[in-house]
**Q** 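I have a structure here, written as structure tokens, and I will follow up with some questions on it.
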Amino acid sequence: MLSDRDEEGEYTKERERMVRSQIAARGIRCERVLAAMRAVPRHVFVPGHLLGSAYRDSPLPIGHGQTISQPYIVAYMTQMLELEGTDRVLEIGTGSGYQAAILSQLAAQVISVERFPSLAKEASQVLESLGCQNVRVEVGDGSLGWPAEAPYDAIIVTAAAPHIPQPLQEQLAEGGRLVAPVGPRWTQELIRIRRTGDQYHSDSLMGVAFVPLIGEHGWQDRGSVRRWE
Ligand code: SAM
């Protein structure tokens with residue numbers, strides 16, 4: 001059996017392979033993003049029975065019908081936020097906490113909102129165990145944003161809504177960037193919005209398939225959760 005140290009060494013190698021073959025090979029060039037993807041151990045964010053799949057090129061189930069996103073999508077969305085070390089970031093959809101950990105490496109402060117209290121609690125614990133002191137996880141309907149701490153230099157939404165929630169646009173700082181999957185329930189476009197004064201410039205980036213954003217400015221909960229398990 002491998003000792004803990006050997007296991008960590010194996011995970012480090014797997015992570016390096018992940019960064020090279022799944023992320024850099026697909027055109028992610030930002031060195032800061034690549035460094036964050038190398039640094040954050042994805043395996044501590046996946047359920048124990050999926051440890052062997054932690055560095056696979058796919059999303060994985062984390063319970064409640066939710067997923068930890070594919071590593072490439074995490075890296076791509078992060079790169080599109082164009083983060084600077086002084087930025088304050090809002091994430092909607094904490095899930096496992098993995099994306100929040102990546103953001104924590106690249107920004108000054110991260111606030112992450114999750115609707116399932118148990119996911120929020122588990123993610124908080126993992127983030128704390130990794131020493132991510134600049135991340136705060138909150139429980140609530142993230143389709144409303146987190147107005148108490150607005151505005152944000154960057155907002156990332158990791159669940160899909162039929163349209164960009166208006167409160168999120170309003171909570172973007174001048175020059176702020178928002179990246180979110182938008183569109184029908186099962187497949188969407190990844191959209192980036194950049195705020196300049198009162199203008200919001202929107203780009204369509206790529207096709208994606210995210211779990212639904214359930215909330216006042218997202219989809220209604222129609223008991224759809226089971227479909228994602
Ligand atoms: N970023 C996550 C990670 O790194 O593991 C993956 C997020 S998962 C694809 C989407 C998450 O959004 C789920 O945990 C889901 O419960 C959450 N979610 C859906 N609607 C939400 C809402 N209105 N407010 C907050 N979280 C929401």
Side-chain angles (χ1 to χ4, degrees), residues 18 33 36-37 40-47 50 53-56 58-78 80-81 89-107 110-127 130 132 135-147 154-168 171 179-183 185-188 190 208-229:
M18 171 192 86
V33 172
M37 298 297 296
V40 175
R42 190 172 193 257
H43 61 277
V44 303
F45 293 93
V46 306
L50 292 174
S53 305
Y55 294 98
R56 255 177 48 187
S58 68
L60 294 171
I62 55 170
H64 294 280
Q66 306 303 319
T67 53
I68 175 173
S69 302
Q70 180 190 14
Y72 169 66
I73 290 291
V74 171
Y76 181 80
M77 290 174 82
T78 306
M80 289 300 136
L81 290 175
V89 184
L90 175 66
E91 179 193 23
I92 307 304
T94 313
S96 68
Y98 177 63
Q99 172 78 73
I102 297 289
L103 297 170
S104 81
Q105 302 275 306
L106 301 166
V110 181
I111 293 176
S112 184
V113 185
E114 170 57 50
R115 69 184 274 262
F116 285 107
S118 57
L119 286 180
K121 188 173 169 201
E122 277 174 45
S124 281
Q125 287 168 348
V126 177
L127 289 162
L130 290 178
C132 297
V135 182
R136 211 172 81 213
V137 178
E138 299 281 1
V139 175
D141 174 4
S143 78
L144 301 167
W146 196 258
I155 300 179
I156 178 169
V157 188
T158 64
H163 51 78
I164 302 273
Q166 185 66 24
L168 297 185
Q171 290 170 33
V179 174
V182 175
R185 192 97 174 183
W186 307 109
T187 56
Q188 309 92 25
L190 196 60
V208 287
F210 271 82
V211 294
L213 182 79
I214 305 289
E216 193 173 324
H217 293 265
W219 296 97
Q220 287 184 348
D221 190 359
R222 298 180 308 204
S224 61
V225 159
R226 282 201 195 95
R227 304 272 310 262
W228 295 93
E229 282 172 345

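Whatever order the structure lists ligands and atoms in, that order sets their numbers, starting from 1.
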**Q** Give the residue, atom name and distance (to 0.1 Å) of the protein heavy atom nearest atom 13 (C) of ligand 1.
**A** Gln66 OE1, 3.2 Å
**Q** Can you find a pair of side-chain heavy atoms, one from Val157 and one from Phe210, that are under 4.5 Å apart?
**A**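 Not in contact.
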**Q** Before signing off on this row, confirm whether Gly142 and ligand 1 have an N or O atom pair separated by under 3.5 Å.
**A** yes
**Q** For ligand 1, which atoms have a heavy atom of Ile68 less than 4.0 angstrom away?
**A**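 Ligand 1 atoms under the 4.0 Å threshold to Ile68: 5 (O).
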**Q** Report the nearest protein non-hydrogen atom to atom 4 (O) of ligand 1: residue, atom name, distance rounded to 0.1 Å.
**A**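 Ranked first by proximity to atom 4 (O) of ligand 1 is Gln99 N, 2.9 Å.
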**Q** Side-chain contact, heavy-atom cut-off 4.5 Å: Arg115 with Asp221?
**A** yes
**Q** Do Pro41 and Tyr55 touch side chain to side chain, with heavy atoms closer than 4.5 Å?
**A**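 The answer is yes; the side chains approach within 4.5 Å.
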**Q** Using a 4.0 Å heavy-atom cut-off, which part of Asp141 comes near ligand 1: side chain, backbone, both, or neither?
**A** both
**Q** Would you mind listing which atoms of ligand 1 come within a distance below 4.0 Å of any non-hydrogen atom of Gly140?
**A**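 Those atoms are 24 (N), 25 (C).
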**Q** Which ligand 1 atoms, with their elements, are less than 4.0 angstrom from a heavy-atom of Ser143?
**A** 23 (N)
**Q** Report, in ascending order of atom number, the atoms of ligand 1 lying under 4.0 Å from any heavy atom of Val113.
**A** 25 (C), 26 (N)
**Q** Of the non-hydrogen atoms in Ala107 and Val89, which two are nearest, and what is the gap between them?
**A** CB-CG2, 3.5 Å
**Q** Of the side chain and backbone of Phe116, name the one, both, or neither that has a heavy atom under 4.0 Å from an atom of ligand 1.
**A** side chain
**Q** Less than 4.5 Å apart, any side-chain heavy atom of Val211 and any of His64?
**A** no
**Q** Do Leu81 and Leu106 come close enough that some side-chain heavy atom pair is under 4.5 Å?
**A** no
**Q** For atom 19 (C) of ligand 1, grab the closest protein heavy atom and report residue, atom and distance to one decimal in Å.
**A** Pro212 O, 3.5 Å
**Q** Can you name the atoms of ligand 1, numbered from 1 with element, that are less than 4.0 Å from a heavy atom of Tyr98?
**A**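 In order of number, 4 (O).
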**Q** Atom 6 (C) of ligand 1: which protein heavy atom is closest, and how many Å away?
**A**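 Checking every protein heavy atom, the shortest distance to atom 6 (C) of ligand 1 gives Thr67 O, 3.2 Å.
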**Q** Which residue and non-hydrogen atom of the protein lie closest to atom 12 (O) of ligand 1, and at what distance in Å?
**A**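 Atom 12 (O) of ligand 1 sits closest to the protein heavy atom Gly93 CA, 3.2 Å.
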**Q** After noting the C-alpha distance and the side-chain angles of Met80 and Leu190, does the key distance pass the side-chain contact (heavy atoms from CB on, under 4.5 Å) rule?
**A** CA-CA 10 Å; Met80 289 300 136; Leu190 196 60; 5.8 Å; no
**Q** Taking the side chain as every heavy atom from C-beta outward, state whether Leu130 and Phe45 have any atom pair closer than 4.5 Å.
**A**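 Yes. Closest side-chain heavy atoms under 4.5 Å.
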**Q** So which heavy atom in the protein is nearest atom 20 (N) of ligand 1, and how far is it from that ligand atom?
**A**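 Looking at atom 20 (N) of ligand 1, the protein heavy atom closest to it is Ile214 N, 3.0 Å.
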**Q** What's the shortest distance from atom 17 (C) of ligand 1 to any protein heavy atom, and which residue and atom give it?
**A**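 Here the closest protein heavy atom is Glu114 OE1, 3.4 Å.
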**Q** Would you mind listing which atoms of ligand 1 come within a distance below 4.0 Å of any non-hydrogen atom of Leu119?
**A**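 Listed by number with element, the hits are 14 (O).
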**Q** Could you identify the single nearest non-hydrogen protein atom to atom 10 (C) of ligand 1 and state the distance to 0.1 Å?
**A**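 The closest heavy atom on the protein side is Thr158 O, 3.2 Å.
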**Q** From the options Ile111, Asp141, Val113, Ile156, select the one residue that forms a side-chain contact (heavy atoms from CB on, under 4.5 Å) with Ile92.
**A** Val113
**Q** Side chain to side chain donor-acceptor pair (under 3.5 Å) between Gln99 and Thr78: does it pass, once the steps are laid out?
**A** CA-CA 8 Å; Gln99 172 78 73; Thr78 306; 2.9 Å; yes
**Q** Which atoms of ligand 1 sit under 4.0 Å from any heavy atom of Glu91?
**A** 1 (N)
**Q** For Thr94 and ligand 1, answer yes if some heavy atom of the residue is under 4.0 Å from a ligand atom, otherwise no.
**A**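 Yes; Thr94 lies near enough to ligand 1 that a heavy-atom distance drops under 4.0 Å.
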**Q** Would you mind listing which atoms of ligand 1 come within a distance below 4.0 Å of any non-hydrogen atom of Ser96?
**A** 3 (C), 4 (O), 5 (O)
